[in-house]
Amino acid sequence: MFIERLNITDYRNYASAGITPGRGVNLFLGDNAQGKTNLLESVRLASVGRSSRTTRWQDLIRWGAKSASVNVRVRSQAGADEVTVKLGAAKEVLVNGYPIARMGELMGVVKTVLFTPDELRIVKEGPGERRRFADIALCQLSRGYFYTLTRYNRILSQRNKLLKGDPTEAELLVWDMQLAKEGAKITRTRRIFANRIAELAKKVHEEISGGEELAIGYEGADGETSEEIESGLLEALKKSRQRDRQFSVTHVGPQRDDLSIRADGVDLRSFGSQGQQRSAALSLKLAETELFGAESGEYPILLLDDVLSELDEKRQSKLIERIKSYQTIITCTHLPEDVRARMGEVTEFEVRSGTVRKKGEGI
């Protein structure tokens, strides 16, 4: 998959911009605060329906403007697709010119993997960051998973609301059965994802870390089949009812699960050095890219926001060798000539004060 054309209007600091990236490596060079990250954010918005930097879509509209739009045209093995996101009094998403009724219809149209310096939080921060990593990848791979996750969150919200009152055991059982059924599907899918990503990340990590062994696991309800997991969740919910009533919140379920991340037996979440955590985060993102390729038959668009400067020469080289296989959009303030030379043929753009100029062309 690759982007044929990106058009944005009144988005962040851009009044208007139209970009035709190359099918391989694309470099967007410019000083800080010129709008490089905004370009990646706009692509990610068209991919997953939300910003990677804010929960308020109103913040994406250029100062002084009343509305904004992002249009991304991609080509895959299945043909061309177009996503348009309109931001104004409300947010509207169109796929191939037609407004979507549910956000799930957007999933997988523009597949992306995003890696920024902030992705270190996947390893060093709380379980919510690791669940979000898994869920965003799985939603792009499967609309069915997106709808299951949406149903689960709705049921969980209703159960928590019920707990704030004085529900009967029978009332809780009704919600517990629904929660366990949908939760089992989520847990099983995430566990399969963790097992697949573990294989791929282990190989990548051995390359970029000099042999350190990375191990990824899923920490959630036991069971191999959905039925086994559902039964276990139902029993755990029953045992947790008194505590749930006391705190008016559900303590059992995939909303509490986590990914374990170890290197040579050391838990990187708590005891890893920053260098180890960065290597693990990079390995997970590159493994995610490989998983997309294996599952869908084509690679996603890789978005790298100012990460080359964060890597030593060895990790830079390993990363560069991999990104030659698919469309990659890289932002950076400057690029040493030796690093640039290792990339081979690239398409370069200069970003300055909300304008984008392809190298060799006028603004």
Side-chain angles (χ1 to χ4, degrees), residues 1 47-48 103-104 106-109 111-115 119 122-123 126-156 177-206 213-237 252-263 267-269 280-300 302:
M1 175 176 287
S47 174
V48 299
M103 196 56 70
L106 175 65
M107 297 299 114
V109 179
K111 293 187 178 74
T112 59
V113 170
L114 172 68
F115 186 57
E119 297 304 305
I122 295 174
V123 181
E129 293 295 336
R130 290 177 284 281
R131 290 194 299 269
R132 188 174 296 112
F133 160 70
D135 286 342
I136 290 176
L138 284 167
C139 285
Q140 291 192 78
L141 286 168
S142 168
R143 292 180 185 176
Y145 181 83
F146 175 87
Y147 292 127
T148 299
L149 187 63
T150 300
R151 286 194 300 272
Y152 181 84
N153 287 333
R154 186 165 53 243
I155 295 165
L156 179 63
M177 293 174 67
Q178 297 180 66
L179 205 66
K181 181 179 180 180
E182 300 299 335
K185 297 174 187 176
I186 292 170
T187 295
R188 183 174 183 274
T189 304
R190 284 184 185 165
R191 180 169 284 127
I192 293 171
F193 169 82
N195 291 339
R196 292 292 311 281
I197 212 82
E199 292 178 41
L200 296 166
K202 180 181 178 181
K203 293 177 183 178
V204 173
H205 197 73
E206 285 176 352
E213 184 173 345
L214 185 70
I216 308 297
Y218 189 74
E219 299 176 345
D222 293 332
E224 292 299 319
T225 67
S226 294
E227 290 76 16
E228 291 172 348
I229 299 169
E230 181 179 347
S231 177
L233 281 174
L234 200 56
E235 182 63 27
L237 283 164
V252 172
Q255 78 280 5
R256 299 279 174 153
D257 293 353
D258 199 358
L259 288 176
S260 62
I261 305 175
R262 297 178 179 274
D267 189 339
L268 298 186
R269 298 171 298 185
L282 177 60
S283 297
L284 283 169
K285 285 295 181 174
L286 292 176
E288 181 186 359
T289 304
E290 293 297 327
L291 181 61
F292 273 59
E295 290 292 314
S296 65
E298 58 187 354
Y299 287 108
L302 181 61

**OP:** To the nearest 0.5 angstrom, please state how far the OG atom of S296 sits from the CE atom of M1.
**Re:** 7.5 Å
Original post:
With a 4.0 Å cut-off, would you call E228 and R188 a salt bridge?
Top reply: no
Original post:
Looking only at side chains, do Q178 and Y152 share a donor and an acceptor under 3.5 Å apart?
Top reply: no
Original post:
How far does OG1 of T187 sit from CD of E182, to the nearest 0.5 angstrom?
Top reply: 11.5 Å
Original post:
Within a strict 4.5 Å, meaning less than it, do heavy atoms of the I261 and D267 side chains meet?
Top reply: no
**OP:** Looking only at non-hydrogen atoms, find the nearest pair between H205 and S283 and report the distance.
**Re:** ND1-OG, 2.9 Å
Original post:
Closest approach of S260 and E219, non-hydrogen atoms and distance?
Top reply: CB-OE2, 3.3 Å
Original post:
If you measure from CD on E288 to CG on L302, what distance do you get to the nearest 0.5 Å?
Top reply: 9.0 Å
Subject >> Side-chain (T150) to main-chain (F146) donor-acceptor, under 3.5 angstrom >> reply: yes
**OP:** Would you check if the side chain of K285 reaches a backbone N or O of L114 as a donor-acceptor pair within less than 3.5 Å?
**Re:** yes
Original post:
If you look at every heavy atom in A236 and V252, which pair is closest and at what distance?
Top reply: CB-CG1, 3.6 Å
Subject >> Any donor-acceptor N/O pair, E290 side chain to L200 backbone, under 3.5 Å >> reply: no
**OP:** Return the minimal non-hydrogen interatomic distance between A184 and I229, and the atom names on each side.
**Re:** CA-CG2, 3.7 Å
**OP:** Inspect the surroundings of NZ in K185 and state if more than 12 heavy atoms from other residues, nucleotides or ligands are less than 6.0 Å away.
**Re:** yes
**OP:** Show your reasoning for whether salt bridge (charged side-chain N to carboxylate O under 4.0 Å, His left out) applies to R130 and D257.
**Re:** CA-CA 9 Å; R130 290 177 284 281; D257 293 353; over 6 Å; no
**OP:** Verify, without hydrogens or angle tests, whether R262 (side chain) and A215 (backbone) share a donor-acceptor contact under 3.5 angstrom.
**Re:** no
Subject >> Residue pair F133 / I122: nearest heavy atoms and the distance that separates them >> reply: CD1-CD1, 4.0 Å
Subject >> Side chain R190, main chain G220, donor-acceptor under 3.5 Å >> reply: no
Original post:
Roughly how far apart are K202 NZ and E213 CD, rounded to 0.5 Å?
Top reply: 4.0 Å
Original post:
Does a donor on one side chain sit under 3.5 Å from an acceptor on the other, for Y145 and D135?
Top reply: yes
Original post:
So which heavy atom on L106 is nearest to which on S47, and how close?
Top reply: CG-O, 3.8 Å
